[in-house]
Every structure is written in C-alpha cells, then in structure tokens.
Amino acid sequence: MTLVVPPLIALIVLWAFAAGLTGVDGMRLLQINTLVNAVATPSEQVVIQLQHERLLTIAGGAVDKQRAGTDATVNEFRRLAVEADVDDKLRAQLTTVFDRLGELPAIRIAFDRGELTPVRFIEAINQIVDATFRMYDAMILVPDTPIYQQARAVTSLGQAKELLARERALIVSGLDPTARQEFTQASATRRFQYGKALAELDAELAAPYAPTPAQAAFLALEDQIAKGETPGDARAVVDSYWAEVERNQVASVDRLVARVTPAAITVLLRVGVAGGLGLVAIVLTVVICVRFTRRLTRELTHLRTAALNLAHVRLPRAVDQLQQGQEVDEPGEVPTLPDAILEIEHIGHALNSVQSTAIEAAAGQVRLRKGVGLVFLNLARRSQSLLHKQLTQLDSMERDTEDPETLEDLFRLDHLTTRMRRHAENLIILSDAVPGRGWRKPVPIVDVVRGALAEVEDYGRVSVLPMPSVSLSGSAVADLTHLIAELLENATIFSPPYTKVYVRAEPGRGGLIVEVEDRGLGMNAAEFATMNERLAGPMEFDLADSDRLGLFVVGRLAHRNNITVHLQPSPYGGTTAVVLIPETLVERPAAVEV
C-alpha cells in the first residue's frame with residue numbers, strides 16, 4: 001500500500017490543482033472587461049493623445065491645448081490603473097509606463113528650448129509608447145489559446161498603427177536625411193509587423209483590413225520616399241490612410257472583446273466535466289490499487305533483486321571476460337515466482353533476452369574490432385608495398401626525364417602517391433602496428449615540416465614560418481612527419497580555400513612546440529573539449545566517426561611518442577593545434593652531426 005499512497009495523493013492534489021487553476025483562468029476571462037476598462041482603454045487613449053501631440057508638435061499646431069488634453073488623459077489613466085485589481089507582473093509594467101510618462105514634461109521643455117531636434121523628439125515620444133505596448137503583452141496572457149493568438153495579432157496591428165503614426169510625424173518634419181532614414185526603418189518594420197499580424201488573424205478579425213485604394217496609395221508613397229523622392233501630396237495620402245487604419249483597429253478590438261465571455265463559459269464547462277470525471281477515476285484507481293498492491297509489491301521486489309544482481313554483478317563480469325579474450329561464464333537466467341503475474345513473468349523473460357543480446361553484442365564488437373584491425377593492416381601492407389614500388393619507379397622516371405611538362409606531371413603523380421602512402425599508413429597506425437619507415441639519425445625540424453607538407457594535397461596554402469635550429473630524434477621522425485601532415489590536412493580541409501594555414505615552431509618549456517593554425521570556421525567550446533579529451537589519451541577508433549579519422553591517427557601517434565596535442569581557438573576565428581614534443585625527442589644543434 002505504501003507504494004501507491006504517494007502517487008494517489010499526488011494524483012488527487014494534481015486534480016484539485018488543475019481544476020482550481022482552470023477555474024481561475026475562466027474567472028479571469030470573465031473579468032477581462034474590468035481589465036479593459038481600467039487599463040487597456042485608458043492607456044490606449046494615452047497613446048492616441050501622445051500620437052496627436054507628437055504630430056502637432058512637429059507640425060507647429062495648437063500644441064498647448066493638445067498638451068493639456070494629453071495630461072488630462074494621463075491623469076485619468078493613473079487614477080483608474082491604481083484602483084484596478086491587477087497581478088504583480090502587470091503592476092510592474094504599469095510602474096514602468098508611469099515612469100516613462102513622468103519624463104514627458106522634461107521632453108517638452110527640451111524641445112521648446114531647441115535642445116531636441118524634431119527627429120530626437122519623435123524618438124523620445126516613441127520610447128514612452130513602446131513601454132505601453134510592452135505592458136499590453138502582460139495583459140493578454142489568457143488561457144484560451146485561440147483568443148491569445150488573436151489578441152497577440154491585434155496587439156501587433158496596434159504596434160503597426162503606432163509605426164504608421166511615427167511615419168506620419170516624420171513626413172511632417174520635412175524628411176531630412178536623418179528623418180528619411182528613420183522613416184525607411186519604420187516603414188520596413190511596419191510592413192513586416194502588419195503582414196505577420198494579418199496572417200495570424202482569422203477571417204472575421206481580418207475583414208476590416210481588406211486592401212483599399214488608400215492603402216495602395218500609402219504603400220506607393222513609402223516606396224517613393226525610400227527611393228529618395230518626396231511627393232507633394234504625401235501629407236494627404238498618409239492622413240487618408242491613417243483615418244482608415246484607426247477605424248479598422250477599433251473594429252477588430254471590439255470583435256475580439258466580444259469573444260471573451262463565450263470562451264470563458266466554455267472553459268468553466270470543461271472544468272466541471274473534467275473535474276467530475278477525474279474524481280470518479282481517482283476513486284476507481286484507489287480501489288484497484290488497494291486490491292493488487294500487496295501482490296505486485298512482492299513480485300516486483302523479487303524481480304528487482306534478481307535484475308540488480310544480473311546488471312551489477314553477473315553481466316558486467318561476462319562482458320569484461322569477453323573484452324579480455326577469456327572464456328565467458330554464463331550469467332544464468334533471472335528467476336521469477338511460479339505464480340507471478342503474467343506481465344511480471346514477461347519482464348523476467350525480457351531481462352533474460354536483454355542479457356543474451358548484450359553478451360552477443362559485446363562478443364560481436366570484440367570480433368569486429370579485431371577483424372577490422374586485421375583487414376586494415378592487411379590492406380595497408382599490400383597498398384604500402386605497391387606504393388613504395390610506384391615511388392621508386394617515379395623517382396627513376398624523374399631522373400631520366402628532361403622534358404619540363406612531363407617532369408611536372410611526374411612530380412604531381414609523385415605527390416599524389418606520397419599522399420596515398422600516408423593514407424595507407426593511417427590504416428596501419430589504426431591497427432596498432434608500425435608503418436615501417438624510420439630514420440637512424442636526427443632530422444632538422446624544418447625538414448620534418450617540409451616532409452609533412454609534401455604529404456598534403458593543398459600544400460600551396462601552407463605558409464611555413466622560420467624554424468629553430470633543432471632536430472628531432474630519428475626514431476620519432478616518421479611519426480612526427482605523419483602527425484604534422486594530418487594536422488595540416490585537417491587545417492586545409494576545414495578552412496576556406498582562399499585562406500592560409502600557418503606552421504611555426506619554437507622551443508618551449510619541456511621541449512619543442514609546433515603550432516598549426518588555420519583561419520576557418522573553428523569549433524564551439526563543447527567540440528574543443530571533446531576533441532582534446534580524445535587527444536589526451538589512447539584514442540579508440542570509432543567506425544561510426546570516420547570524418548575524424550585524422551584525429552584518431554594523431555591521437556595514436558601522440559600517445560605512442562608521449563607527445564601532447566591540444567586544440568584551441570585561433571584569434572582569427574579558426575583552430576590552432578599546439579603540439580608539444582618532449583625534450584627526449586629533441587636534439588639541440590650541438591648534438592647534431594654535421
């Protein structure tokens with residue numbers, strides 16, 4: 001019984017919470033008219049008055065009378081909003097709006113004194129209006145999704161109307177270069193917002209916004225102003241379209257408000273039906289749970305004990321034995337009670353199937369890795385032998401050829417064969433074998449870098465900076481040449497073809513530091529962390545990650561020679577590979593035989 005009591009309590013609490021929450025949502029919809037009358041409508045009137053004041057101030061009309069009207073509207077809005085019962089989120093938005101409205105007298109004084117240009121005055125009023133529209137977003141968080149979507153769209157149309165008012169004021173200001181730029185930006189934003197909002201409105205709410213000649217004339221006016229023209233009838237065109245937009249906005253808002261009450265009633269009906277059915281379901285659930293809880297608890301406890309023993313003891317031991325090549329001890333089956341519930345018995349059989357599948361998969365993975373390694377090694381050895389013969393033949397042909405064009409073709413073929421040899425050696429390295437090339441004497445680092453460069457396809461993009469006068473131990477030359485070649489290949493592949501790849505080397509703490517830097521797209525922080533984690537240890541080749549074949553080879557070579565390879569972002573936006581060659585592999589000039 002203790003197993004089902006908490007879920008039952010949670011179910012009852014959840015049912016009560018859901019019913020109460022939905023009921024609150026319905027009551028909130030029923031109270032929307034109060035919110036509209038106390039906040040939405042007064043604030044809308046404030047926006048209208050601000051739009052008129054902005055226009056009259058720029059046009060030089062009866063400004064004093066309009067300012068008095070604006071102040072009266074703002075005071076009425078403050079009185080109604082303070083008395084309204086609103087939530088904390090909306091109250092915070094109202095405080096922001098009131099703070100902005102408090103800046104209005106200072107803005108007026110600054111304009112009257114000539115401290116604000118017409119464009120800057122328009123921007124100051126715009127900020128006050130923007131705060132009001134942000135408040136509207138907090139007012140339309142209703143639980144009915146269709147109404148919410150339509151309300152957001154209507155609000156967006158209101159913002160488009162405000163952008164139209166700004167364009168209207170900018171036209172009156174005379175459209176100097178700054179005003180024309182502001183007009184173009186407002187026009188683009190208005191068109192986008194207008195089109196997006198109309199696309200979200202249903203047919204009824206979008207009906208008032210059908211295309212009209214006034215709209216077409218205003219769109220043509222916007223295009224003309226964007227091209228640098230200023231038609232003489234611009235004021236008349238925008239005034240005509242403005243009157244039409246005001247009528248449309250009022251019609252859409254009235255239709256939207258008319259939908260709220262029926263939607264609230266529907267929500268409350270759903271609360272009653274869902275609440276009653278939920279209560280019946282809870283009662284039935286309690287009865288059923290009490291009947292079967294004891295038997296279910298006993299059987300699940302037995303099954304859990306057996307499954308944990310299999311998962312944490314027997315199965316891991318069998319997998320480890322497989323990976324180490326030892327004979328596998330059969331883990332045995334998960335036992336079930338003789339009179340167990342059919343579903344519990346099926347779970348026991350399923351666990352046994354999982355166990356068998358896991359062992360078979362582990363064995364197959366071990367065989368696959370060994371087989372792939374042998375295939376890699378066999379193919380690579382054959383290819384390597386043929387490529388060595390081909391390089392020898394090409395070298396002989398290059399010595400015997402004097403024709404410049406033929407010699408150039410032979411050099412290209414020689415370079416291609418060298419790259420093919422490196423790819424064949426990749427397979428040998430991934431098979432944990434040694435490619436076969438080696439040097440007995442130290443080789444200067446500059447020759448090692450040049451040798452790596454000869455094995456890269458796009459070697460013409462690689463710029464080798466001056467190298468220090470140090471040499472590398474002959475036993476490590478082949479691996480280091482291969483390692484640097486792989487890093488150069490990655491740098492050229494993962495960077496644009498018009499960029500350079502830079503190679504530099506300098507003595508550092510603990511050895512010699514070689515850096516390969518590209519100016520490509522680079523990687524994000526997570527990718528850098530993943531790659532560096534792989535390069536820090538002996539990387540296990542993943543057949544599913546063949547795109548990173550070069551990094552697998554680099555990891556193997558670095559681990560074999562105790563070399564540290566670290567990837568980091570380049571200041572130029574690409575990737576820098578830092579290779580730290582230990583002091584044991586570095587030969588100083590005095591130690592190099594001349």
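What you are looking at is a predicted structure, and each value in this text was computed from that prediction instead of being measured.
- Within the model, atoms OG of Ser471 and CG of Leu585 stand 12.5 Å from one another, a figure rounded to the nearest 0.5 Å.
- Residues Thr184 and Ala226 come closest through the heavy atom pair OG1-CA, 4.2 Å.
- Between Leu535 and His566, every side-chain heavy-atom pair lies at or beyond the 4.5 Å cut-off.
- Checked against side chain to side chain donor-acceptor pair (under 3.5 Å), Arg54 has the following partners two or more places apart in sequence or in another chain: Asn126, Glu162.
- Phe121 is linked by a ring pair (Phe, Tyr, Trp, His ring centres under 6.0 Å) to Phe111, counting only residues two or more places apart in sequence or in another chain.
- In terms of heavy atoms, Ala169 sits closest to Ile58 at O-CG2, 3.8 Å.
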(request) I would like to know whether Ile171 and Leu221 meet side chain to side chain contact (heavy atoms under 4.5 Å, CB included); could you show each step before the answer? (result) CA-CA 11 Å; Ile171 289 176; Leu221 174 65; 4.1 Å; yes

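- In this structure, the side chains of Leu480 and Ile563 come closer than 4.5 Å at one or more pairs of heavy atoms.
- Checked against side chain to side chain donor-acceptor pair (under 3.5 Å), Gln127 has the following partners two or more places apart in sequence or in another chain: Arg100.
- Every residue was checked against the salt bridge (charged side-chain N to carboxylate O under 4.0 Å, His left out) condition with Asp99, not counting sequence neighbours, and none meets it.
- In this structure, Ser156 OG and Phe192 CZ are separated by 9.0 Å, a value rounded to the nearest 0.5 Å.
- Listed by chain and number, the residues in a side chain to side chain donor-acceptor pair (under 3.5 Å) with Asp447 amount to none (sequence neighbours excluded).
- Distance check: Gln51 CD to Leu55 CG gives 9.5 Å after rounding to the nearest 0.5 Å.
- Between Glu167 and Ser187, some side-chain heavy-atom pair lies under the 4.5 Å cut-off.
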Extract all donor-acceptor atom pairs below 3.5 Å that involve side chains of residues 505-525 and protein atoms in other chains or at least two apart in sequence.
unit_1 : atom_1 : unit_2 : atom_2 : d
Glu515 : OE1    : Arg504 : NH1    : 3.1
Glu517 : OE2    : Ser570 : OG     : 2.9
Asp518 : OD1    : Gly520 : N      : 3.0
Asp518 : OD1    : Thr575 : N      : 3.1
Asn524 : OD1    : Ala526 : N      : 3.2
Asn524 : OD1    : Glu527 : N      : 2.8

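- Side-chain contact between Thr132 and Leu50 is absent, with no heavy-atom pair separated by less than 4.5 Å.
- Minimum heavy-atom separation, Met135 to Leu90: CG-CD1, 3.7 Å.
- By the side-chain contact (heavy atoms from CB on, under 4.5 Å) test, Pro569 is found to be paired with Phe528, residues two or more places apart in sequence or in another chain being considered.
- The CG atom of Leu175 sits 7.0 Å away from atom CG of Leu170, with the distance rounded to the nearest 0.5 Å.
- For Tyr241, the ring pair (Phe, Tyr, Trp, His ring centres under 6.0 Å) partners at least two apart in sequence or on another chain are Phe218.
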(request) Could you walk me through whether Asn532 and Thr530 pass side chain to side chain contact (heavy atoms under 4.5 Å, CB included), step by step? (result) CA-CA 6 Å; Asn532 286 323; Thr530 301; over 6 Å; no

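- Side-chain N or O atoms of Arg461 include one that pairs as donor or acceptor with a backbone N or O of Thr499 at under 3.5 Å.
- Annotation: side-chain contact (heavy atoms from CB on, under 4.5 Å) contacts of Glu123 (sequence neighbours excluded): Val119, Arg120, Glu182.
- The CG atom of Leu487 sits 7.5 Å away from atom CG of Leu567, with the distance rounded to the nearest 0.5 Å.
- In terms of modelled atom types and a separation under 3.5 Å, the side chain of Thr492 and the main chain of Glu489 share a donor-acceptor contact.
- To the nearest 0.5 angstrom, Glu486 atom CD is 4.0 Å from His482 atom NE2.
- Annotation: side chain of Trp242 is in contact with side chain of Lys161 (closest heavy-atom distance under 4.5 Å).
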(request) Using the side chain to side chain contact (heavy atoms under 4.5 Å, CB included) rule, take Ile581 and Asn561 through it: C-alpha gap first, then chi angles, then the decisive distance, then the call. (result) CA-CA 9 Å; Ile581 303 172; Asn561 295 277; over 6 Å; no

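- In this structure, Ile107 and Ile128 have side chains that are in contact, with non-hydrogen atoms separated by less than 4.5 Å.
- In this structure, Lys500 has no side chain to side chain donor-acceptor pair (under 3.5 Å) partners at least two apart in sequence or on a different chain.
- Shown here for Asn562 and Pro582, the closest heavy-atom pair between the two residues is O-CG, 3.4 Å.
- The side-chain contact (heavy atoms from CB on, under 4.5 Å) search around Val446 returns Pro444, Arg450, Met467, not counting sequence neighbours.
- With contacts defined as side-chain heavy-atom distances shorter than 4.5 Å, the pair Leu465/Val503 does not qualify.
- Considering only residues two or more places apart in sequence or on other chains, Arg113 meets the side-chain contact (heavy atoms from CB on, under 4.5 Å) condition with Ile109, Glu115.
- Nearest heavy-atom pair across Ala206 and Leu201 is CB-CB, 3.9 Å.
- Glu587 is not listed as a side-chain neighbour of Val470, based on a closest heavy-atom distance of 4.5 Å or more.
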